[in-house]
Amino acid sequence: MPSVGASLFWIVACAVIAPLLAGLFPRKLVPEVVLLLVAGIVVGPHVFDLAVAGSEIDLLRELGLGLLFLLAGYEIDTAEITGRGGRRALLTWLISLALAFTVVSLLSLSHVVDAGTAVAIAMTSTALGTLLPILRDAGGLDTRLGRTILDHGAFGELGPVVAMAVLLGSRGSVASIVVLGLFTAAAVLVAFIPARVRREGSRITAIIRSGSETTSQTTVRLTMLLLVALTVLAAEFGLDTILGAFAAGFILRRTTPEGDETLETKLDGLAFGFLIPIFFVTSGMAIDVAAVASEPGVLIAFVLLILLVRSGPVYVAGRFDRGADGTDPPFTVRERTQLALYAGTGLPLIVAVTGVAVDSGDMTSANASVLVAAGAITVLLFPLAASLLASTPEPVADSTGPGARGDQNPGSRP
């Protein structure tokens, strides 16, 4: 069995090799995340057995997962998700959830699906944290389409996390809702601490600011304290730590509403430079290739169900999107397809949901591997297809002819 040191070496080596390989592909069409997953499969216990995920590696993995969701929460504009686009994204996610439970209920009648609730929740997720580096590299975060992806991604992450807490908890739905409310209240109280310190302009604030550019790195340390505190708080309430990390991102944005480029650069270095790649590589290591190969039909079916349940409603919702003020032209068919593909991209939450189901005994590790592999396929194929659509020149219709189109909005493409 590989030692912890040897395992960490191969995991970090995969993290270094992945971006180098990604750069060999034209226009980086294969996302680095996909290569990290594949590398994890190769070095993991189910192929060459060069690395294993022990308790030490699991700690780094959890920190990477936490930073992934913290940065996702930080990117969310509160005004945006509470506005017209956010309300549409929430309604779309609720429709996806209802459709998922309908499909799973029909499949359960034929005993095709076990752990139906977990499978239904997994199908409605959007891997916003996974999409962030892809959208950043494509320069699409500041476009109208990018902001719409963020809206759907926000509820595609927050919605399944809340659904997990309520529907998969061991304490019952009513008690779970009460506990969720208590956690929310506790998180709000935590949010007032940095906001109060910042408003008062006290000596502590001056020390924090002056130390942010020294070896003290006070702002980074405070951010990590916020992340660890809320993930531990979530765990103490019996909730998934993802919820705590997401809340930490929201709070961090609240304390720096105008943004902090220096802090963001440092967090990107810590997160994407070391910890987040460890999460994706170890996620690949957990995929049982033999189990996946033995159930190719289930694998393909789950990918198609994600397209139906998650991408389908988002595609339809894009037809009625008129922007934040309701005056923009509707998205084109190509843009709606891109939006639907990005929204259907899921992995971290699929890993989380299947992990809860396995721990409770409702799902076998083999079935969980198949579902995680399906999530990995969405990360491989959906952003790639969306990038190809964005990079392919769109046919220009004759503006004077009968086929002229008035819904073109090229400036909104990433």
Side-chain angles (χ1 to χ4, degrees), residues 29-31 33-48 53 96-97 99-127 130-131 134 156 160 164 279-314 340-359 361-386 388:
L29 289 178
V30 177
V33 169
V34 173
L35 297 176
L36 290 171
L37 289 169
V38 173
I41 294 173
V42 172
V43 303
H46 300 293
V47 181
F48 288 117
S96 293
L97 185 65
L99 183 58
F101 273 107
T102 301
V103 170
V104 167
S105 297
L106 293 175
L107 293 176
S108 297
L109 294 176
S110 303
H111 304 287
V112 175
V113 173
D114 293 323
T117 300
V119 173
I121 294 173
M123 286 193 293
T124 65
S125 67
T126 297
T130 304
L131 291 174
I134 297 173
M164 285 171 59
F279 166 73
F280 284 115
V281 173
T282 52
S283 294
M285 290 165 53
I287 297 176
D288 187 342
V289 179
V292 173
S294 67
E295 298 284 355
V298 176
L299 179 68
I300 296 172
F302 191 65
V303 174
L304 293 177
L305 286 175
I306 291 174
L307 281 172
L308 170 67
V309 167
R310 183 61 181 146
S311 297
V314 171
L341 288 170
Y342 280 127
T345 302
L347 181 66
L349 279 171
I350 294 177
V351 173
V353 172
T354 54
V356 171
V358 170
D359 290 340
D362 294 330
M363 181 182 292
T364 65
S365 297
N367 288 338
S369 291
V370 176
L371 298 186
V372 171
I377 287 176
T378 66
V379 175
L380 169 63
L381 297 183
F382 292 4
L384 175 60
L388 288 173

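- Looking at heavy atoms from C-beta onward, Thr117 lies in side-chain contact with Ile121 at the 4.5 angstrom threshold.
- Scanning all heavy atoms of the two residues, the minimum distance from Ala368 to Thr354 falls at CB-CB, 3.9 Å.
- Between atom CG of residue Leu131 and atom OG1 of residue Thr126 there is a gap of 7.5 Å, rounded to the nearest 0.5 Å.
- Of all non-hydrogen atoms in Val358 and Ser365, the two that sit nearest each other are CG1-OG, 3.9 Å.
- When every heavy atom of Ala374 is checked against every heavy atom of Leu299, the shortest pair comes out as N-CD1, 3.4 Å.
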Inset, instruction - Evaluate the criterion side chain to side chain contact (heavy atoms under 4.5 Å, CB included) for residue pair Met123 and Leu97; output intermediate values, then yes/no. - result: CA-CA 8 Å; Met123 286 193 293; Leu97 185 65; over 6 Å; no
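- Listed by first then second residue, pairs satisfying side chain to side chain donor-acceptor pair (under 3.5 Å) with a partner in residues 279-300 read Arg61-Thr282, Arg61-Ser283, not counting sequence neighbours.
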Inset, instruction - Under the side chain to side chain contact (heavy atoms under 4.5 Å, CB included) rule, what do Phe280 and Val379 come out as? Steps first, then yes or no, please. - result: CA-CA 11 Å; Phe280 284 115; Val379 175; over 6 Å; no
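- Between Ala118 and Val353, the shortest heavy-atom contact is O-CG1, 3.1 Å.
- The two atoms that bring Pro313 and Leu99 nearest to each other are CG-CD2, 4.3 Å, heavy atoms only.
- Annotation: side chain of Leu107 is in contact with side chain of Leu305 (closest heavy-atom distance under 4.5 Å).
- Considering CG of Leu36 and CD1 of Ile41, their distance stands at 11.5 Å, rounded to 0.5 Å.
- Checked against side chain to side chain contact (heavy atoms under 4.5 Å, CB included), Thr364 has the following partners two or more places apart in sequence or in another chain: Ala366, Asn367.
- Note that CG of Leu341 and CD1 of Ile306 are 12.0 Å apart. Values are rounded to the nearest 0.5 Å.
- There is no side-chain donor-acceptor pair under 3.5 Å between Arg310 and Ser125.
- Between Ala100 and Ala120 the shortest heavy-atom distance is CB-O, 3.5 Å.
- In this structure, OG1 on Thr102 lies 7.0 Å from CG on Leu106, to the nearest 0.5 angstrom.
- For the atom pair CG of Leu347 and OG1 of Thr378, the computed distance is 6.5 Å after rounding to the nearest 0.5 Å.
- Within the model, atoms OG of Ser311 and CZ of Phe382 stand 5.5 Å from one another, a figure rounded to the nearest 0.5 Å.
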Inset, instruction - With side chain to side chain contact (heavy atoms under 4.5 Å, CB included) as the test, would you mind laying out the steps for His46 and Ile287 before giving the verdict? - result: CA-CA 8 Å; His46 300 293; Ile287 297 176; 5.8 Å; no
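- Side-chain atoms of Ile377 and Phe302, non-hydrogen and from C-beta on, never get closer than 4.5 Å to each other.
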